Colleague: 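Before we start, here is the structure in question, set down as structure tokens.
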Amino acid sequence: MIELQDVTHGYGASPLLAGVSLSLAPGSFHFLTGPSGAGKTTLIKLCYGELIAGQGRVSLFGQDAATMSRDDIALARRRIGVVHQDCQFIDHLTVAENVALPVVVSGRPTRQIEKDLDDLLGWVGLSAHRSALPPELSGGERQRAALARAVIMSPEVILADEPTGNIDWEMSLRLLTLLVELNRMGKTVLIATHDLNLIRQAKKQVAARVLRIANRQLLAAGAEL
Amino acid sequence: MVGDVQADRVVPPTGFTARLTVLAAAAMAFLAVFALALSLATGRLAERWSSALTGSATIRITAPEDQMEAQVAAVLRLLETTPGIGTARLIGRNEQEALLTPWFGPDLPLDTLPLPALIEITEEGRGYDPEGLRARLAGEAPGAVLDDHSRWRAPLVRAASRLRALGLFSMLLITATTALIITLATSAALAANAQVIRVLRLVGAQDAYIAGAFMRRYTARAFTGALAGTILGALAIRLLPAGAREGSDGFLTGLGFAGTDWLLLPLIPLLAALVAFLATRATSLATLKERS
């Protein structure tokens, strides 16, 4: 599905990631951990084509991202749901409109997905907030809205970058439960987080592979996880 | 241009660039109404001057008093046999005096002045050959001079035609300025909505979709503004003093629309919308390409 082969990438003279390889197989569950600034967000961005690797190859659903047109990358993103720590909403649209945005940009009329939208907002516990604007939501509600938006197109892969960074433990567990449910539906999940307790909690529910970025390399995490 | 209603909502409905586009389109449309009115009025004027002076001519006969009658008779005979002459009429003494009285006043004894004889002629069919007629007049009546009005008509028609060209050039300038303003407004809007564009790309929007959202929004704004400007411009023209509108023989007082000219006005907001559509499309796609 998504594969990185010997990828080196950075923003200045010295690379942030060097010779990184990663394969996200269908239905797999991954955690990506490491200290702040280690390159977790960069790796996630490489995985959905926002960044193009300086060296090496990133394959999105069998296509080399470096040779894909902007429109092809846009089409690939419809198969990937992304949840950012800062959620990335359009603030003048309501929660329901933001959640439905991937459907709207794909050209499907939103009236065709009204019921799915209702079910999805109910699933993430935001039915009562469907007409609210994003700035009116709490941190946890924003994260759940972002998750709803990420899955509304029923993507094959869900990438979550520090999804629990701004929310309390109870809300983090609730979000984790939703992501585990999606994995059980067959979705591939990659979560970047520095919250080791969340990873331990997840491993009680799902067979997750834990990866760690250290010294620009991607390594399998130690036995403590 | 047809899109999901929600698709159009991704671009914020208000903001500085929105007001700028509406106001600029309204002002440009207002000016366009006047440029169009000027162009049409000068076109009509040129046509009127041309048609009023074409088809008629005057023969002026200056001769000693004892030869005047013979030369007038000779000219009238000659005109009867000249192809292309419809009518030839000797302007009587009283009629001449009536024409001169406004210039010299009623107290001047015009009947004592040695006025030339004037013959008014009108053309028929394809008209006469002025050079041939002049040659024949020189032979038959040496004191007769043909004035076919061309030395008056040509510069007037030329001036009116140039004014019409200036009016059309003004329309082009207005169109180009509108495109420029909308291009600047779109660029500013794209910069101000960087977050919106980032989110749209994140969820899989292609460039054509993002550009389309801006195009629809700015085309609608330009159309709305231009419609208001056109209506105001049309009202301003309509409210000109009655003598200043259609049918007037004056130059500036002839400014306005006549008959079917009014049907051209709806084209102004449509043209503004088309210009906005093209300008926004070009700007959006170029900007999105730069930011990729």
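What's counted below: heavy atoms across the whole structure, side chains too, no hydrogens, waters or symmetry copies. Since this is a predicted model, take the numbers as computed values, not measurements.
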Colleague: Apply side chain to side chain contact (heavy atoms under 4.5 Å, CB included) to A:E50 and B:R201, showing your working.
Modeller: CA-CA 9 Å; A:E50 180 160 344; B:R201 282 189 158 155; over 6 Å; no

Colleague: Kindly give the heavy-atom pair with the smallest separation between B:L288 and A:R70, and that separation in Å.
Modeller: O-NE, 4.3 Å

Colleague: Output the option from B:G212, B:A205, B:A208, B:G204 having the highest count of non-hydrogen pairs under 4.5 Å with chain A.
Modeller: B:G204

Colleague: Just checking heavy atoms, which of residues 79-92 of chain A are less than 4.5 Å from chain B?
Modeller: A:V82, A:H84, A:Q88, A:F89, A:I90, A:H92

Colleague: When you look at OH of A:Y11, are more than 12 heavy atoms from neighbouring residues, nucleotides or ligands closer to it than 6.0 Å?
Modeller: yes

Colleague: Among A:V104, A:L101, A:N98, A:V105, which residue meets the side chain to side chain contact (heavy atoms under 4.5 Å, CB included) test with B:V10?
Modeller: A:L101

Colleague: Please determine whether the number of non-hydrogen atoms from other residues, nucleotides or ligands lying under 6.0 Å from atom CZ of B:R281 exceeds 12.
Modeller: no

Colleague: Nearest 0.5 Å please: distance from the CD atom of B:Q206 over to the CD1 atom of A:I73.
Modeller: 11.5 Å

Colleague: Tell me if the CZ atom of B:R198 is crowded by more than 12 foreign heavy atoms within 6.0 Å.
Modeller: yes

